[in-house]
Every structure is written in C-alpha cells, then in structure tokens.
Protein chains: 2
Amino acid sequence: MKKITIGEASRQSGVKVPTIRYYESIGLLAEPSRSEGNQRAYEQADLRRLAFIRHARELGFEVDAIRTLLTLQDDPHQSCASADAIAKARLVEVEQRIRSLLALKAELETMVEGCGHGRVDHCRVIEVLADHGQCAHTHH
Amino acid sequence: MKKITIGEASRQSGVKVPTIRYYESIGLLAEPSRSEGNQRAYEQADLRRLAFIRHARELGFEVDAIRTLLTLQDDPHQSCASADAIAKARLVEVEQRIRSLLALKAELETMVEGCGHGRVDHCRVIEVLADHGQCAHTHH
DNA sequence: TCTTGCACCTCTAGTCGCTAGAGGATGTAG
DNA sequence: CTACATCCTCTAGCGACTAGAGGTGCAAGA
C-alpha cells in the first residue's frame, strides 16, 4: 500500500488540491494519515471517496446531500430510500431549472434578434429589460 | 411628486428591502434623497431602474453586466453594440447550461429508475455516483 | 397625549463552495 | 548543496445576497 500525496490524489480525482483540503475541513473527507514531514498520505479508498464526491458535485448535489449519500454508502445495510429521495429531489430541481432556462433563452433570443445594431434609444435589448411588459414569456 | 418609502419601492418592484439597500451600497442604484427622519425617499425613476435591475437579474445577468447596461441606458446616443454583445454572451451561457442540465437530467433519471428501493448495497443511485464509468452520458 | 407596534436606520457577520495569497517547511533531482 | 516543485497552515476574498442586533421614526388607536 504505497501512499498517495495530495497532488497525486488531485491529479487522479480531478479535484483541486485546495478543494481536497477544503473537503477535509468540512468533514466530507476523513483526515488522512500523515508522512514523517506532516504531509497528507492518502489511500485508494480515499481516492474512491473523492471520485464519488466529485461526481456528485458535478451532478449538482449540495455538500449536505453528499454527506448523507456518503453515510449511506458507508452502511450498505441501510435502505436506499433516502438516496432515492435525494436523487429525485435533485431531478425535480434540474427539470425546473431547465424549464426556466428555456424561457430565458427564448426571451434572450427575442432581444438579440430585435436589436438593429443602431443607437441605444432604439435598442430592443435595453427596451425589453426596462419594460417587463414587453417580455413575451411568463417565466417568472 | 410624492415620495416613496423603501418598503413601498420593495412592494412595487418585487426587490426585497435589504437587497435594495445592497444595490445602493454597490452603486447599482443612486443614493436617494432622505426624509426629515433620514429615511430613503424614492421617485418613479428609481422604481424604473429597480425594475430594470430585477428583470436583468432574473435573466441571469451579473451585476457587472447590469452596471454596463444601465450606463448604456443612461446615454441613449451610444451604440447598442455593447448591450447586444452582453445579451449574446448571456445567450451562449444559457444554451450551454441547458445542454449540460439535459445531460444531468438523463443521468439522474437513469439513477432513479434503476433504484429498486432495496438496500444501499444494490442501490443504483449510490453505485452510479461511486463509479463514473457507469455514467452513460458524457456531460463532463 | 401617550403608547403600541410596525417600518425604518446602520452595522456586522453569515451563507455556499470554493479560490487566492502569504509565509514557511519538506521532498526530490541534478 | 542548491534549486525548485510541492507541501503545510492560516486568513481573506469572491458573488449576491440574507440574517440579526440594537436603535430611531412615524402613524393610528385608547
């Protein structure tokens, strides 16, 4: 079992060095053992945990949710209902966010298309921003 | 011209009272005149500016971008090229965000559908999170 | 007139998830 | 032995607010 430095862990997991230390500080990652010279020495299990965290963060899970997911993972006999609930909640959030972004996209397109590239006093971008009534879509 | 209190401005614009004060503190909103008792007294023009800011924020523009848009609005003889560029950049951002959220949605759906509601050791949610290789979509 | 009670004031600190930088120790290659 | 990269801890900063403490202003009812 050869030990892995934080830099190596960073390279292998794709999580930046300061971020790894940050995860340790907030208790997402356990404190690893240290070398003679007080440098962090990780093991394979830590790398797996880091990959888990990274993937979950990429999926937009909040740190608190990840904390729950990690404790679930640590105890495989538990029911996975909580994990399921967390994922479902996240799915609903993502769906809402997509809907609202699609509305925004439509509105931005109207703005940009309407812009005749002239002076500001006829600029559709500024106009639409100034008067929400001109906004074609009821996104908010 | 009757004066408008900050609470009234908040109600009419939909921007919370502390947020209005915050916008003033960062220079998005000019310092309004004050009543005898040192309370902020807004005018119609301030309400229009607040509505502009609110709408722009809802469209996801950053405060710096809004600052630029506001100075453009204040000088109607300028070319609207900057406004156009800002809106276009935002459009590109929104489109990217939508694409990545759609990929996330697909992945979350796979996770949730695969969950047999049993124990954690067979939970697809946890599994997929733990092993990015199982992730069907190349969203990141 | 007095008092109740809400809305207002300023100021500081906290939120989230990092990121940047200072100032110093350690580890490795030439 | 000397560079130089990498590591360490610590504090502060980011964006865009939000929360709370501790105090003042103002309008309406008793």
Side-chain angles (χ1 to χ4, degrees), chain A residues 2-29 31-43 46 49-50 52-70 86 89-90 93 97 104 140, chain B residues 2-29 31-42 46 49-50 52-70 86 89-90 93 97 100 104 140:
Chain A
K2 87 170 204 283
K3 297 295 190 155
I4 301 156
T5 66
I6 196 170
E8 191 52 35
S10 168
R11 245 162 275 130
Q12 287 191 35
S13 67
V15 179
K16 288 184 197 149
V17 168
T19 306
I20 295 176
R21 285 196 280 251
Y22 168 70
Y23 287 158
E24 181 184 324
S25 81
I26 60 169
L28 262 199
L29 212 55
E31 295 182 18
S33 57
R34 299 284 182 134
S35 75
E36 294 259 317
N38 196 35
Q39 303 201 346
R40 286 170 182 81
Y42 293 100
E43 300 174 32
D46 299 309
R49 210 173 170 90
L50 255 184
F52 185 104
I53 296 169
R54 193 202 167 187
H55 196 192
R57 285 295 302 139
E58 277 171 347
L59 287 168
F61 289 100
E62 290 175 7
V63 163
D64 261 9
I66 297 176
R67 215 188 299 273
T68 307
L69 291 169
L70 281 168
I86 291 172
R90 178 70 193 134
E93 272 173 41
R97 193 93 188 95
L104 293 189
H140 32 262
Chain B
K2 88 168 199 285
K3 297 294 188 156
I4 300 156
T5 66
I6 197 169
E8 189 53 33
S10 170
R11 245 161 276 129
Q12 288 191 33
S13 67
V15 179
K16 287 184 198 151
V17 168
T19 305
I20 296 177
R21 286 195 279 251
Y22 169 70
Y23 286 159
E24 182 183 323
S25 81
I26 60 169
L28 261 200
L29 211 57
E31 294 182 20
S33 57
R34 298 285 183 132
S35 76
E36 294 258 317
N38 196 35
Q39 303 200 347
R40 286 170 181 80
Y42 292 99
D46 299 309
R49 208 171 171 92
L50 255 185
F52 185 104
I53 296 170
R54 192 200 166 188
H55 195 193
R57 283 297 299 138
E58 278 172 347
L59 287 167
F61 289 100
E62 290 175 7
V63 162
D64 261 9
I66 297 177
R67 217 188 297 273
T68 307
L69 291 170
L70 281 168
I86 291 172
R90 179 71 193 135
E93 273 173 40
R97 193 96 187 95
S100 109
L104 294 189
H140 33 266

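Atom set for the values below is all heavy atoms of this structure, side chains included, hydrogens, waters and symmetry mates excluded. All values reported here derive from a predicted model rather than from experimental measurement.
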**Prompt:** Out of curiosity, A:Leu70 CG to A:Phe52 CZ, how far, rounded to the nearest 0.5 Å?
**Reply:** 5.0 Å
**Asked** For B:Lys16 and D:dT18, is the shortest distance between a side-chain N/O and OP1 or OP2 below 4.0 Å?
**Response** yes
**Message:** At 10 degrees resolution, what angle do the end axes of the helix from C:dT1-D:dA30 to C:dG30-D:dC1 form when each is taken over five base pairs?
**Reply:** 10°
**Prompt:** Got a second to check how far A:Tyr42's OH is from A:Arg49's CZ, nearest 0.5 Å?
**Reply:** 12.0 Å
**Request:** May I have the distance from A:Lys3 (atom NZ) to D:dT6 (atom C1'), rounded to whole angstrom?
**Result:** 19 Å
**Message:** Distance check, rounded to the nearest 0.5 Å: A:Ser33 atom OG versus A:Arg40 atom CZ?
**Reply:** 11.0 Å
**Request:** Any chance you could measure A:Tyr23, atom OH, to A:Asp46, atom CG, to the nearest 0.5 Å?
**Result:** 14.5 Å
**Item:** Heavy atoms from other residues, nucleotides or ligands near CZ of A:Arg67 exceed 12 (cutoff 6.0 Å)
**Value:** yes
**Request:** Check the distance between D:dA5's P and A:Ile6's CD1 and give it to me in whole angstrom.
**Result:** 19 Å
**Request:** Using a cut-off of 6.0 Å, state whether more than 12 heavy atoms not belonging to B:Glu8 lie near its atom CD.
**Result:** yes
**Message:** Using 0.5 Å steps for rounding, measure from the CZ atom of B:Arg11 to the OG1 atom of B:Thr5.
**Reply:** 6.0 Å
**Residue met sooner reading DNA chain C from 5', once A:Tyr22 and B:Glu8 are mapped to nucleotides** = B:Glu8
**Asked** Does atom CD of B:Glu93 have more than 12 heavy-atom neighbours from other groups under 6.0 Å away?
**Response** yes
**Item:** Student check: side-chain heavy atoms of A:Lys3 and A:Glu43 closer than 4.5 Å
**Value:** yes
**Prompt:** OH of B:Tyr23 versus C1' of D:dT18: gap in Å, rounded?
**Reply:** 12 Å
**CD1 on B:Ile66 to CG on B:Leu59, rounded to 0.5 Å** = 9.0 Å
**Message:** Less than 4.0 angstrom between a side-chain N/O of A:Thr5 and OP1 or OP2 of D:dC7, yes or no?
**Reply:** yes
**Asked** Which part of the nucleic acid does A:Arg21 contact within heavy-atom distance under 4.0 Å: base, sugar-phosphate only, or nothing?
**Response** base
**Fill in**
Outermost contacting nts on DNA chain C, any atom under 4.0 Å from chain A heavy atoms, listed 5' then 3', are C:dG17 to C:dG27
**Contact list for DNA chain D against residues 33-41 of chain B - heavy-atom distance below 4.0 Å** = B:Ser35, B:Gly37, B:Gln39
**Item:** A:Ser13 versus A:Leu50, closest heavy-atom pair with distance
**Value:** OG-CD1, 3.6 Å
**Message:** What is the separation between atom CD1 on B:Ile26 and atom P on D:dC14, rounded to the nearest whole Å?
**Reply:** 12 Å
